[in-house]
Protein chains: 2
Amino acid sequence: MTVTLADVAARAQVSPATVSRVLNGNYPVAASTRERVLKAVDELDYVLNGPASALAAATSDLVGILVNDIADPFFGIMASAIQAEIGGPGGRAGGERLAVVCNTGGSPERELTYLTLLQRQRAAAVVLTGGAIEDAAHQAAMDTKVRKLADAGTRVVLCGRPPAPETGAIALTFDNRGGGQELTEHLIGLGHRRLGYIAGPEERTTTRHRLEGHRAALAAHGIEEDPRWTVHGRYDRRSGYEATLELLRRDPSLTAVVAANDSVALGACAALRDSGLRIPEDVSVAGFDDLPFSIDAVPALTTVRLPLAEAGARAGRIAMGREEAPPGGIASVRGELMVRGSSGVPRVS
Amino acid sequence: MTVTLADVAARAQVSPATVSRVLNGNYPVAASTRERVLKAVDELDYVLNGPASALAAATSDLVGILVNDIADPFFGIMASAIQAEIGGPGGRAGGERLAVVCNTGGSPERELTYLTLLQRQRAAAVVLTGGAIEDAAHQAAMDTKVRKLADAGTRVVLCGRPPAPETGAIALTFDNRGGGQELTEHLIGLGHRRLGYIAGPEERTTTRHRLEGHRAALAAHGIEEDPRWTVHGRYDRRSGYEATLELLRRDPSLTAVVAANDSVALGACAALRDSGLRIPEDVSVAGFDDLPFSIDAVPALTTVRLPLAEAGARAGRIAMGREEAPPGGIASVRGELMVRGSSGVPRVS
DNA sequence: TCATGTATAGAAAGCGCTTGCTGTCACGCT
DNA sequence: AGCGTGACAGCAAGCGCTTTCTATACATGA
């Protein structure tokens, strides 16, 4: 039924070994022979059996990309950049690799299971994106898994994720703390003294780092933080909307709202508008990430731009061994403050 | 070095066959034996060799999802819904399947190559999302490939894509034409008579269908279309911005701009604002898809909601054989007109 | 009691490919 | 003439698993 290597060999009047070598191109084959083989391949419409060759060669051309939420452009942009470098068909890379993205939905178990599945497939490389989960047990499990993968020859790269020392993984980490601090300092510089903060889910490293940056800025300027000023939520618009209403309820005198990311900030804007407040005259708003839509908000969102595409591309190259790993296996990637219309001088109260 | 089935068998004092059967659970194994085996698996930290079992069983647990642009939430939302149904770890499905999304970037070659790669991996199913490319040669090549996949036992589902008759693929098609028509009729109903249209890339079926719907609405109301009123571009914000400026240049008296999708519409809004025009007082704007951010535009975007998540989920279930295919293998999925602030009665000229 | 059935385990034959090793041949050198 | 050498090509041994067929051990009914 299905065409096999042997069929091609028979048709080209050579041994299966020769066909294999022509197809893999890592052994000298006379031009005339090669041509005959390729002709047979074409005529029979032969397609290599992936599992069989992976088994025999003990390697596979699968590369996994783990993302928290594939519907979120934050991950989409990174995944796209990674995939472009990995190769996939038409990528910059030579050999054809199957770059696949796996959606964990932010669930620790799925994260782990996908890693096992990729291990099972003997993936050539794995790129993990997005913040890690701060649960000791889960982190230990992940580290073990990652080390096992690395030991088995799978290259593991963390993109926008905190380093995992001793696991053999290369880390490209976003400087969320620095970005958060810079952003809040910008607002303080404008004169804000009462700033609400809408944080992401508590257990994520990204959440903690951004919040720490925010607090560092406050501390640096001698602003004592009111516990009521911080609300935790999810990384989505809805959460931003609700959290903003809550902040307003707790302290209507806030002059600025800093959001965990741009989606949350958009929700915050909507909530403020619905509460009859103007942006930035009454309340300034700031986001994080600088996703494409942020510039379309009205007013345009002040935020911290993360070089998602660049970082992804670099992670992809490192995963393919086409770029050297950073010294120590860890690199910090900085964000850039983008000051736009949503932040302004606070009203005089 | 690596642990194999045989190692587990030795440790559990059973034959490899038994271990395999315990792991696959499709053959009676005494409870005590099963337990012994599982214990050994656990102790040795055994991970099945995917390629080997795929080879031996002549099936794989890989399911491919092809998308045009993974950074676009339109695809992200569908992919997410599909993947949730396919299973992947923690999905509703039983067995653990590796649902992988492949980013074609809208390139015909990559589309084809990914299909070959998935064929090579003997994928269990493949879901193709997004509009097809209207190039006879490419379409023929795709159809051939799809038929070959289907013949080899891979279930192929088209989600938001025109049917491919005779290929054995199941199609869930979006009614782009109907949605486009309804949308434009809404604008005509408001009193608009001079409507600009920003279309997507010419060669995509989605582009053509939406445009046809638009034109059908115009024709139905006896409005003669000025060729200057249509501009083609890409499906992104930038393109919408530029196209709008072009439309304004060609005919400053337009009272409405209909965009190929929401991202384009956002670009259009930005261009109008930058041109000193108010929305909707001076010019109404409409989009398509109703992506999450559309409601955050100011004013909120009038658009056609496509049930991306629902359609994706259904496609996923069909791909897994957990839902019956629609009669004739083809189903049309309707959009729903969402009237919001960006469309209004035109100014009296 | 013996034939028969039922549940469970093992032996072994591949699945389709890669690759180390072993030819074979034509050359060119001494 | 004799032989080392390089360039190809083929043989055959797996890679780690699944699965068919067979074997064993009881339990059962006549």
Side-chain angles (χ1 to χ4, degrees), chain A residues 1-38 40-41 44-62 95-96 117 119-124 152-153, chain B residues 1-38 40-41 44-62 95-96 117 119-124 152-153:
Chain A
M1 185 61 219
T2 59
V3 184
T4 72
L5 235 212
D7 299 331
V8 176
R11 172 140 199 153
Q13 317 232 55
V14 296
S15 74
T18 302
V19 177
S20 171
R21 300 204 256 247
V22 167
L23 261 25
N24 291 298
N26 48 13
Y27 191 87
V29 172
S32 65
T33 313
R34 176 199 316 287
E35 225 158 273
R36 208 144 29 89
V37 170
L38 290 178
V41 166
L44 293 176
D45 214 5
Y46 172 68
V47 176
L48 196 69
N49 182 317
S53 72
L55 173 59
T59 62
S60 107
D61 51 5
L62 203 72
E96 275 166 2
L117 244 28
Q119 182 185 7
R120 181 176 295 184
Q121 298 296 331
R122 305 299 188 252
Chain B
M1 184 61 220
T2 59
V3 184
T4 72
L5 236 211
D7 299 332
V8 176
R11 172 137 198 157
Q13 316 232 55
V14 296
S15 73
T18 302
V19 178
S20 171
R21 300 205 255 247
V22 167
L23 261 26
N24 291 297
N26 47 14
Y27 191 89
V29 172
S32 65
T33 314
R34 176 200 316 289
E35 224 158 274
R36 207 143 31 87
V37 169
L38 290 177
V41 165
L44 294 176
D45 215 3
Y46 171 67
V47 176
L48 197 68
N49 182 319
S53 70
L55 173 59
T59 63
S60 108
D61 51 5
L62 204 71
E96 274 166 4
L117 245 28
Q119 182 184 7
R120 180 176 296 184
Q121 299 295 331
R122 306 297 187 255

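The chains referred to below are lettered A, B, ... by the order of the sequence lines, with proteins before strands, and numbering in each begins at 1.
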- Side chain of A:Arg34, backbone of A:Val22: donor and acceptor closer than 3.5 Å? no
- Between D:dG16 (C1') and B:Asn49 (CG): distance, integer Å: 6 Å
- Looking only at heavy atoms, what is the nearest atom pair of A:Ser60 and A:Arg122, with distance? OG-O, 3.4 Å
- Item | B:Ala40 to B:Ala12 - nearest heavy-atom pair and separation | CB-CB, 3.9 Å
- Residue A:Ala30, side-chain atoms from C-beta onward, closest of D:dG16, D:dG10, D:dA9: D:dA9
- Establish, with yes or no, whether the OP1 or OP2 oxygen of C:dA9 is under 4.0 angstrom from a side-chain nitrogen or oxygen of B:Thr33. yes
- Item | Interatomic distance where CD belongs to B:Gln13 and C1' belongs to C:dG10 [whole Å] | 14 Å
- Task: Go through residues 16-27 of chain B and report each residue with a non-hydrogen atom lying under 4.0 Å from DNA chain C, sorted by number.
- Result: B:Ala17, B:Thr18, B:Arg21, B:Tyr27
- Return the value, rounded to whole Å, for the distance between atom CG of B:Leu48 and atom P of D:dC15. 16 Å
- Message: A:Arg120: which residues meet the salt bridge (charged side-chain N to carboxylate O under 4.0 Å, His left out) condition with it, sequence neighbours left out?
- Response: none
- Item | Closest non-hydrogen atom pair between A:Ala52 and B:Leu55, with its separation | CB-CD1, 3.6 Å
- What is the distance, rounded to the nearest whole Å, between atom CD of A:Gln121 and atom P of D:dG16? 15 Å
- Message: Can you work out whether B:Arg34 or B:Arg122 has the more 5'-proximal nearest nucleotide on DNA chain C?
- Response: B:Arg34
- For residues A:Thr33 and A:Thr18, report the shortest heavy-atom separation together with the two atoms involved. CG2-CG2, 3.9 Å
- Query: Do any of residues 54-62 of chain B sit with a heavy atom less than 4.0 Å from DNA chain C, and if so which?
  - Reply: B:Leu55, B:Ala56
- Message: Side chains of B:Val41 and B:Leu23, heavy atoms from C-beta outward: is any pair under 4.5 Å?
- Response: yes
- Message: Tell me whether A:Asp7 contacts the main-chain N or O of A:Thr4 through its side chain, where contact means a donor paired with an acceptor under 3.5 Å.
- Response: yes
- In whole angstroms, the gap separating P of C:dC15 from CG of A:Leu5 amounts to 14 Å
- Query: Which of these, A:Val19, A:Val29, A:Val14, sits in a side-chain contact (heavy atoms from CB on, under 4.5 Å) with A:Arg36?
  - Reply: A:Val14
